[in-house]
Each structure stands twice: as C-alpha cells, then as structure tokens.
Amino acid sequence: MEIPKQYEPKEVEGRWYPEWETNHYFAPETQTNPDAPVFTMVIPPPNVTGFLHMGHALNHTLQDVLARWRRMKGDRVLWLPGTDHAGIATQMVVTRQLAEQGIDRRDLGREKFIEKVWEWKAVSGGTIQRQMRIVGDSVDWQRERFTMDDGLSNAVKEVFVRLYDEGLIYRGEYMVNWSPGLQTAISDLEVEMKAVKGSIWHIAYPVSGNSTASGSEHFAGLAEAYAALNEGEAKSGLLKTPQGTFVVVATTRPETMLGDTAVAFNPEDERYAELIGKTAVLPLVGRKIQFIQDAIVEKEFGTGLVKVTPAHDPNDFAMGKRHNLEFVQVISKEAKITDAAPEKYRGLDRYEARKAVVKDLEEAGLLLKIEDYTHNIGQCQRSGQVVEPLISTQWFLQMKPLAEPALQAVLDGRTKIIPESVSKIYCNWLENIQDWCVSRQLWWGHLIPAYYTPDGTIIVARDEAEARERLLSQKLDPNTPLTPETDVLDTWFSSQLWPFSTLGWPEETEDLKKYYPTDVLVTAQDIIFFWVARMMMMGLKFMGEVPFRTVYINALVLDPQGQKMSKTKGNVIDPLDVFDKYGTDAARFALTAASTTGLTLALQESKLESARNFANKIWNATRFVLMNCGDILEDQEPLAWETELSEPSLADRWILSRLQYATAEVNLALTEYRFHEAAATLYQFFWNDFCDWYIELSKPFVTSAEASDENKAVKRRIIYILERSLSLLHPLMPYITEELWQRLPHRGKTICLNEFPTAAARDEQAEREMELFTGLVSKLRNIRSTFNIAPSISINAKVAATEATSQAVIAAMSAQIKRLARIETLEIVETIETQKGSVRDVVSDIEIAVPLEGLVDFEKEKARLEGTLTKLGKELEGLQKRLSNADFIARAATEVVAESRGRAAEVEDQIAKLNAMIAAM
RNA sequence: AGAAGCGUAGCUCAGCGGCAAGAGCGUCUGUCUUACAAACAGAGGGCCGUGGGUUCGAGUCCCACCGCUUCUACCA
C-alpha cells in the first residue's frame, strides 16, 4: 500500500462530502432509535448575497463540532440550514448589477425588479451553500429554508396580523432614521455612530424688540463683543450691544437653523430668565421664534441656549411635541433643502446648504465663533451615508410588553447565555428597549399585510379577502376600493421567527413538535440585539416557550495583529484561502482550539501551522499502523479488542487509561462548550501520549515479523486506540478522520455515524507507574544531551530504586528503557556506591549513575546538580513553612495537608540523595 | 458618559483558591533513531499590570489605580 509521507488535504477533502450528502447521513431520520434524544440547532441564516467570512467559518465549525459529536453519540440531530433574504443588502446588490447593464431600477418597476432578484438568487445565490459544503457543515439540506419561502412568508403575515390585532403594532408619524442613500427608514440598530471631526458654530439670533432686526441687515463687532463677554468665568450667550440684544446658540449643523422654531434653555438657568415671553428673529429666514424652557438643555454645554429644529433632530422633535412647536421640514428625503426654506437655499444638498448658510451668517455678522469639535454622527450601516433624522409615517412594533418575558427567561435560566457576561448586555438592552420601526421603503422583502381605504382607514389582514371581511365586521362597505401597503418589513422581522417558522409554524407540523425548542444557538455577538433578543421575544410570544435552551456566543475573529477585520483596513482574511492553504481539517482544528473563554480570537498563522502539523501527525501515525499491521488489517473483521490475546503490559494499561481520560475530558468539555479544552486534550493525547510514547513503545512488537500472540495483541490494541482516537477527533476534523477510518477495520458505513467513545474508569496506578518510566527515560536522555553524547554512542547506566513499585517498573520495562534512552547495559542494583567519574541524578526514588569517565567536566556537573538542589531547597522551604503553620494544619483540608507532607518527604529524600552525590564527586 | 471584558514566557493565549505556574509558535543545542525534518530528543525563558485587602493559603476572590479592547447611549 502506497501512502504518501505528507498529508495532502486536497487529495482527501473533495471525496467525502458528496458521499455524506447523497447518503443523507445528516438527516435526523438516520437515527432510527425512537428513544434517542433530540438535538436541534438552526443555523444563523447568512445573507443570500453573502459569502463566508472568517466569522462564519468559526461559527459553522463550532456548530458542526456539536452536531457531529451529538450525532455520533446517538442523538437524533437536526441542524437546519438556510439563508436570509437580506432586504437592503440584496436590493443593493441587484440594483448595482442592473445599473452595470444600464438599467435603472425605477424604470424597471417594482414587479419586474423583484423578478430580477429571484433570477439573481437562482443564479448566484448559492455561494454560501457551496462554501458550507467545503467547510463540512453536517446540515440537513433537505430541510433548507429561505426567509422568503412561502411557508416562512405566511408565518410573517400571521405574526404581523396577530401583533396588530393585539395592538402591539401601530402606524404613525414619528422621527425616524432616514437613509437618503437607500431612500428608506432604518431602525436604531442599523445606525452606526462614528466619531467625525467637525465644527461647532456659534450663531447670534437677534432678540425681537431689542433690535430692529428683520433678518437681512449686517451687524458689526458682534464677534468681538461675544469674545469679550466670555473672557471671564461667567459665560453667557446673552449678548447686549448698542445694536440690540442677541442670543448666541451653538450648533454642529448650522443648515438646520432654516427650520428652527424655538430657542431653548434650562428652566433653572437664571442667565436667560429674562427671555421668557420674548421672541427672537431667525436670521436669514426672518421668522419670529419663541423662547422655551426645557430640562433637557444642559446649562454647562455651549452657551446653554439651544436652537430647536423639531423636524430634524430627535431631541428637538421631543421638545417640539412637549411645547407644541411648529415642525418646519427644511430637509427632504433626498437630503436637499425644501421649499419651506428661503428660496436661495432650495434644492441645495444639505452640505452645500451648510456652506451657504455659514457664509451668509458670516456676512450678516452673526457668525461669532467656530470651534473644532469631534462628535458622533449616525451612519447608515448598509450605505454608509449619514443618516438624516426625519419625520415620517412608519409602522412600529411596541417592544416593552414583548421584552419583559424575554428578559425573565434569561434571568431565571430557561435560556442560558454563554459566556455569562453577555447575558448582562442582553438584559441591559431589553430593560431599555425602544419601539422598533419595522417598515422599510424597499421593494425586496415581505410586504406589510395592510390595506388602505380611500379615506385612509387602515385594514390589516392576511390577504384582500380577509381585508374585506374585516371591512364588513367594522360595518364598512366591503366593496370599498382597497390599496395595498407598499412598504416591506425589516429583514429581521422574518429572521426573528426563524426557530419556528423553519419548522412549519403556523402549521402544527411534526417537525415543529419534535424539534422546537432548539437546544443551542451558536451565533456572533453583533446580532444579539438584531436577532437573538427578538427571537426570544417571538418564540415566547408565539410558541409559549424559549426558542433555545442555550445561546453560545462565539468569538469575534480578529486579524493576526488583533485588529478587527474590515474592508477599509484591507486586513480581511478570506476563510477559503486559509482552508485551502492549511487544509479544512487543520483550519477547523485551529479555530476550535482558539475558541477560548474570551470574546475575541486573533487568528495566528502559527496556530494554523501547528494544526496542519497535527493533521500530518494523525496521517503519519495511521500510516505507521497501516504499514505494520497488515496481517491484522487483512482480516477486516470487527475489532475484537474485548478478547485479550495476552496480559496487557504497563504501557497498554497506561494508554488505555489515557484514552479514558481524554474521552471523559472531550465529552465534558463539549458538554460545557469549552471547545479549546476539547481540542487541547485531543492534541495532547494523540501527539504526546499516543505517538510519542505508545507508538514508540509498540515498535518492537509491531515491526516484528513474528506472529506471536503478544505481537498480535499489541497490533490490535494500537488499531483500537487509533480507531477510538479518530472517532474522538472526527467532530473537529471530519475529512481526514473519515479517510483514515475507512482504511481501518470498522463496523459502520461512515465515521459520521460511528459510536462516539464514552469514558470508562482510569487506571491510576498504571498512570503513576508509567510516570516513573517516562521520568527515568527523560532523565537519561537529559544526561546524554547535557554531555553531548552522540546517539550513535552507547552508554551504560546503573539504577537503584528504594520503593518496590519503582523496582518492579524498572524490571518490567528495562528493555524499553534501554531502547528509548539508548543504553547498552542497564544495571539494576540495590544501592549505588560512590563512584568517581559517573554522572549522577535522581528521579522520584530512583537513583541514576551513568559512568562517563573522561567525558565530563565535573565542575559543570556539580553546578547542574546544585541548580536542581537550589530549586528543591526553595520548594522544601515553602513546604516546611506551610507545615509549621498551626493554622494550616488545623484549617486546610486533610488531603491537602497529607499531600504537602508527602511532597516534603519526597523532596527531602531527593535533596539528601543529591547532596550525597555532590559530596562523592 | 455608562457597562462589560482583558492585562500570565519574545508572540498568541490556557490556568481562575491549594500538586514544583502550562501549551502552541518563536529561540538555543543535538539528530535524516526502520510513521512523520510539517519530525525526534534536550534546554533556556515568567517580581502572573500596580497598590491595598480577605484567607491557614491568591495569577486565581474583593477594592482602588494604570493601560488596552469592545458594547450601549449621546450634548445641541
């Protein structure tokens, strides 16, 4: 059998996924035992426009680890895949593509455009699915869903109508975040605040009656007067000059002054009390505006006087409502100045208008000061455009009544969020939740199921027929012409139903009964509010039960420098490049191993390399077995490990015990979502225990041509350990393990459905005894290395142990000690007498002497031993200090005290032996 | 401005109340020892951010401070 020395992932990876998929190994029905526990996960549906990024690679890998593990354990596993129609993102992609063909979306019309989107989806929408197959995601493709599927769209309608009927959905005119680029309202969550360097402009508004101001004259010297006024401690925005009295407001958006309808100050601000009842004249416009008092205004900020633009600022909007102000909309949905502003500004873009306004104010002598100012500006998450707060008629979902149960479910532990710290973020958000603007002025999405009568009455209904019924029940003419709503719903409105809409809700399907609630949701932290919290609310509302028992938040993948990946920084790593370069299994292993308790994960090249090396190690260990155990493999019989051919040796008992340990650790770690511990345990067990020690120890038996019972037994054991190891590794490294497992004698069709190891008791005695052996071999190797003894040179050694156990281990393992430490003659003696010219050392109770006459600088050797002695001395000092503390003896656990005593005795013994050795030199 | 998290070996991180503080990578020294040089064997490297406190005992728990990161809110 020809097996390459190096593992070539590309040779292997392409082979298995089609095999798994065509045989439906990932369908829950594969598990036919009716009593098998059910394990369900729904995939966070990626955007249909999307492609896998590093975060997905991590997210999918962890889910797949869980799915494969549970499936092998015998659970009925459903991991349900699907994609999200991603309203804005998809509409943007298709619009752009059409534009490239010279087609304007608007010319095409709504219906045709939507057709184009579906066409686009059919052709290029499958990228994610293809990539998921590369990663190895063991999802049930037969249950794949899309948020715009008929079934899911029905669920959306159903939910909308029910919420409306309950009074939780309302339509109204409010201030929303408007994206001028996308021409739609967006929710608060879709606005990203970014720090931007700007300015703050101080503008003087003449106070009526105290000046002859009409809005067009020029004032001189105001800036100097203002500067003089604010030189001292007592700052004020009330400027009294021979030309009249002025109030000075400070703003970051001077162009909005065109829509000002008041100037506000804090009711407790005595500086401005005299302004009550007066009005100001709005420069450039000439409108008389009133002074109002409102607690929202901070006395300390700026001048303590705020210009109020109720139609273009959320706070001003609130003040406008409170004080019954006029709402003058001077900025349009296109972010241009409207006809409500003086003629010269009309039609200007908001930033051009800003320049014009600033220039005109300056010319009027009313611009008193400009300061540099860095503040946060809301940007549209999708288009990147600066959001314009606008008053607009939209649909809203009232959140407080829904949020309360979702908050409770986490507080009382019905849903557990891991890591724990994230649940605080979740709770905090729900406690301060605001109503959600769910309508979008887009074409691609779920139409809001509402109709309007000619007089503007709103009828919310699942379809037109139902709308007419509802008209009738409201004693209205059922034949009234109805105009359907044209707004669609926020994408997240449908995704929030995902855990049950994908299972068939509102129909009471078998799947829904069987698989809801799901067990785990593995997701990223950036969609906790967008998605997780809302799913909690909807699951509780419509299913009466939490949508998932556990939410595991996977880390944010950073670049190797610990920086967030972003297109603008140019540090985005394509996971497929990584998978291609290091191999899928290695990349998956590295991601799992890096999934520690932290919320971020910097992807180190070195981690990937070491994972690739690990895959190679697995490959070569199997290669060794395949090359040497041909006679056993030819049988292709099920492994009969249960039938012993000979008494197991210390090494056999030890490796079995280590396997039990690793098995227990992996199962426990995965149960508790400690992915890195599962990976680390497997790495250490396979490499350090199995390869470095067990395979080495097996060589004399395995490579022997003689078909003795003992040799056969070792071969069977090594195959057994290897088979169990591959099974343990499979959830993390599916391809290489399937490939290699298929070459071993096995019982099933695929390792995917092979029985996952369960742990039996450890053999602690074997582990302790083995430690004596490995300790002794390591010491002998250390001596060789310290004195530069070439491997080709054989040396002799004497050992003497005081304990019976050690003596037995040495006797039983002497051949192996000689082989692994390259010892020619190993003399086992009762005591080692003073021997000049020998290098001496001690491990546990075993004394070692290696005669190296003439090869050794004994001054150096003395220093080496004294180094050890110093270390041991320090330890003993600590132990003695502890043991002489009466409080320690009295209060510490008895086993801790006993352990300290035992260790102290051992250290004392070793110190004595080392001292004797040094004395003898 | 609030909230959370993190500061442990050159780098990336484990360890979170008690064995002599670990791993991977990097470094140094040997070695192609019949699976693997993507390997093997050995070695060096740490006032566990700073200062207090709790405890018989503290990287490990509490408080303060310093530094970094993230989230939420936002002041015109």
Side-chain angles (χ1 to χ4, degrees), chain A residues 3 5-7 188 193 200 249-253 256 264 296-298 300-309 313-316 375-376 378 419 421-422 424-425 428-429 432 525-526 528-529 556 558 560 562 564 586 590 593-594 596-607 609-628 676-677 680 683-684 691-692 695-696 699 703 777-778 781-786 788-792 819-822 871-872 874-876 878-879 882 885-893 895-897 899-900 902-903 907:
Chain A
I3 308 166
K5 279 178 144 190
Q6 262 190 20
Y7 173 53
D188 295 345
M193 301 307 273
I200 189 158
V249 296
T251 180
T252 53
R253 296 197 63 191
T256 62
I296 202 173
V297 181
E298 293 198 22
E300 311 304 323
F301 191 89
T303 60
L305 288 164
V306 181
K307 60 187 274 312
V308 183
T309 322
D313 179 275
N315 282 325
D316 293 6
H375 62 139
N376 290 323
S421 61
V422 172
K424 281 178 200 143
I425 299 172
N428 199 6
W429 188 71
N432 301 297
Q525 49 195 314
D526 56 340
I528 292 168
F529 308 138
L556 176 71
L558 307 174
K564 208 166 172 170
T596 61
T597 47
L599 279 171
T600 57
L601 184 169
L603 193 70
Q604 300 295 312
E605 202 94 0
S606 64
K607 293 250 166 73
E609 278 173 18
S610 98
R612 178 201 57 192
N613 296 353
F614 184 46
N616 195 49
K617 195 73 182 173
I618 296 167
W619 181 261
N620 275 294
T622 310
R623 183 169 177 261
F624 171 78
V625 171
L626 294 175
M627 280 168 37
N628 290 293
H676 66 293
E677 283 185 20
Y683 186 95
Q684 280 159 20
C691 293
D692 289 349
I695 289 185
E696 287 308 319
K699 278 181 177 170
T703 55
V777 171
S778 296
R781 284 169 171 174
N782 176 300
I783 290 168
R784 291 192 73 105
S785 167
T786 308
N788 291 322
I789 297 155
S792 51
R819 211 171 56 81
L820 295 185
R822 294 174 169 267
K871 251 168 87 179
L872 288 171
K874 271 188 192 154
E875 194 194 338
L876 185 62
L879 285 163
R882 189 193 291 182
N885 182 344
D887 283 333
F888 173 72
I889 307 292
R891 300 196 185 195
E895 60 267 27
V896 173
V897 177
E899 213 175 272
S900 296
R903 178 64 191 161
V907 171

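Hydrogens, waters and symmetry mates are skipped; everything else that's a heavy atom, side chains included, is used. Just so we're on the same page: letters track the sequence lines, and every chain starts at 1.
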Checklist outcome for this item: Separation of B:C25 atom C1' from A:Gln684 atom CD, nearest Å, is 15 Å
Next on the checklist: Within the 4.0 Å heavy-atom criterion, would you say A:Glu895 contacts the bases, only the backbone, or no part of the nucleic acid?
Outcome noted: nothing
Checklist entry - Nearest to the side chain of A:Gln604, which nucleotide is it out of B:C19, B:A76, B:C11? => result B:C11
Checklist entry - At under 4.0 Å between heavy atoms, what does A:Asn315 touch on the DNA or RNA strands: base, sugar-phosphate, or nothing? => result sugar-phosphate
Item to check | Where protein sits on nucleotides 67-72 of chain B, one letter per nucleotide: B base, S sugar-phosphate only, - none, heavy atoms under 4.0 Å | outcome: ----SS
Item to check | Conformer about C1'-N of B:G59 - syn within 90° of 0, anti elsewhere | outcome: syn
Checklist entry - Rounded to whole angstrom units, what separation is found between the OH atom of A:Tyr683 and the P atom of B:G22? => result 18 Å
Item to check | Partner set under salt bridge (charged side-chain N to carboxylate O under 4.0 Å, His left out) for A:Lys607, not counting sequence neighbours | outcome: none
Next on the checklist: Among B:C74, B:C25, B:A14, which nucleotide has an atom closest to any side-chain atom of A:Met193?
Outcome noted: B:C74
Checklist entry - Which whole number of Å gives the distance between the P atom of B:C61 and that of B:G5? => result 11 Å
Next on the checklist: Can you tell me how far apart OG1 (A:Thr309) and CG (A:Asp316) are? Round to the nearest 0.5 Å.
Outcome noted: 5.0 Å
Checklist entry - Between B:A14 and A:Thr596, is there an OP1 or OP2 to side-chain N/O distance shorter than 4.0 Å? => result yes
Checklist entry - Which comes earlier along RNA chain B counting from the 5' end, the contact point of A:Asn628 or that of A:Asp313, where each point is its nearest nucleotide? => result A:Asn628
Next on the checklist: Keeping A:Gln525 on the side-chain end and A:Leu599 on the backbone end, is there a donor-acceptor pair under 3.5 Å?
Outcome noted: yes
Checklist entry - Using the P atom in both, what is the distance from B:U69 to B:C13, to the nearest Å? => result 14 Å
Review item, nucleotides 30-34 of chain B N/O atoms under 3.5 Å of protein N/O:
residue: B:U33; atom: O4'; partner: A:Arg822; partner atom: NH2; Å: 3.0

Item to check | Residue list, side-chain hydrogen bond (donor to acceptor under 3.5 Å, both in side chains) with A:Thr256, at least two apart or on another chain | outcome: A:Lys307
Item to check | P gap between B:C74 and B:U60, integer Å | outcome: 38 Å
Item to check | Nucleic acid footprint by protein, nucleotides 38-46 of chain B - heavy-atom cut-off 4.0 Å, B for base, S for sugar-phosphate alone | outcome: BSSSSS---
Checklist entry - Reckon A:Leu603 touches a base, only the sugar-phosphate, or nothing at all at heavy-atom distances under 4.0 Å? => result nothing
Checklist entry - How many angstroms lie between atom CD1 of A:Ile200 and atom OG1 of A:Thr251, to the nearest 0.5 angstrom? => result 7.0 Å
Checklist outcome for this item: Of A:Asp887 and A:Lys307, the one whose closest nucleotide on RNA chain B sits nearer the 5' end is A:Asp887
Checklist entry - Does A:Tyr7 offer a backbone N or O that forms a donor-acceptor pair with the side chain of A:Arg623 under 3.5 Å? => result no
Checklist outcome for this item: Tightest non-hydrogen contact, residues A:Ala250 and A:Thr303, listed as N-OG1, 4.4 Å
Next on the checklist: If I pick the P atom on B:G46 and the same atom on B:U8, what distance separates them, to the nearest angstrom?
Outcome noted: 15 Å
Next on the checklist: Please tell me if A:His375 has a side-chain N or O lying less than 4.0 Å from either OP1 or OP2 of B:C75.
Outcome noted: no
Next on the checklist: Which residues pass the side-chain hydrogen bond (donor to acceptor under 3.5 Å, both in side chains) test with A:Glu677, not counting sequence neighbours?
Outcome noted: A:Arg674
Item to check | ring-ring contact (aromatic ring centres under 6.0 Å, His included) involving A:Phe529 - partner list, sequence neighbours excluded | outcome: A:Trp429
Next on the checklist: Once side-chain hydrogen bond (donor to acceptor under 3.5 Å, both in side chains) is applied, do any residues pair with A:Glu899, and if so which ones, sequence neighbours excluded?
Outcome noted: none
Checklist entry - Between A:Leu872 (CG) and B:C19 (P), how many Å, whole number? => result 16 Å
Checklist entry - Partners of A:Ser900 by side-chain hydrogen bond (donor to acceptor under 3.5 Å, both in side chains), sequence neighbours excluded? => result A:Arg882
Checklist outcome for this item: Per the 3.5 Å Watson-Crick/G-U criterion and a run length of at least three, the stems involving RNA chain B are B:1-7 with B:66-72, B:10-13 with B:22-25, B:27-31 with B:39-43, B:49-53 with B:61-65
Checklist entry - In whole Å, what is the span from the CD atom of A:Glu605 to the P atom of B:G26? => result 12 Å
Checklist outcome for this item: In whole angstroms, the gap separating P of B:C75 from CZ of A:Arg253 amounts to 12 Å
Item to check | Which residues share a salt bridge (charged side-chain N to carboxylate O under 4.0 Å, His left out) with A:Arg903, sequence neighbours left out | outcome: A:Glu875, A:Glu906
Item to check | Atom pair distance, as rounded to whole Å: CG in A:Leu599 and P in B:U12 | outcome: 18 Å
Checklist entry - Does A:Lys5 make a side-chain N or O approach to OP1 or OP2 of B:C36 shorter than 4.0 Å? => result yes
Next on the checklist: What contact category does A:Val297 fall into here, base, sugar-phosphate, or nothing, at under 4.0 angstrom with non-hydrogen atoms?
Outcome noted: base
Next on the checklist: In this structure, how many angstroms lie between the C1' atom of B:U12 and the NZ atom of A:Lys607, rounded?
Outcome noted: 4 Å
Next on the checklist: Once salt bridge (charged side-chain N to carboxylate O under 4.0 Å, His left out) is applied, do any residues pair with A:Lys871, and if so which ones, sequence neighbours excluded?
Outcome noted: none
Next on the checklist: Taking the C1' atom in each of B:C32 and B:A23, what is the distance between them to the nearest angstrom?
Outcome noted: 27 Å
Checklist entry - Over how many whole Å does the gap from A:Leu876 atom CG to B:C19 atom P extend? => result 16 Å
Next on the checklist: So A:Ala621, base contact, sugar-phosphate only, or nothing? Heavy-atom distance under 4.0 Å.
Outcome noted: base
Checklist entry - Are A:Lys617 and A:Tyr683 in a cation-pi contact, defined as NZ or CZ under 6.0 Å from the six-membered ring centre and within 45° of the axis? => result no
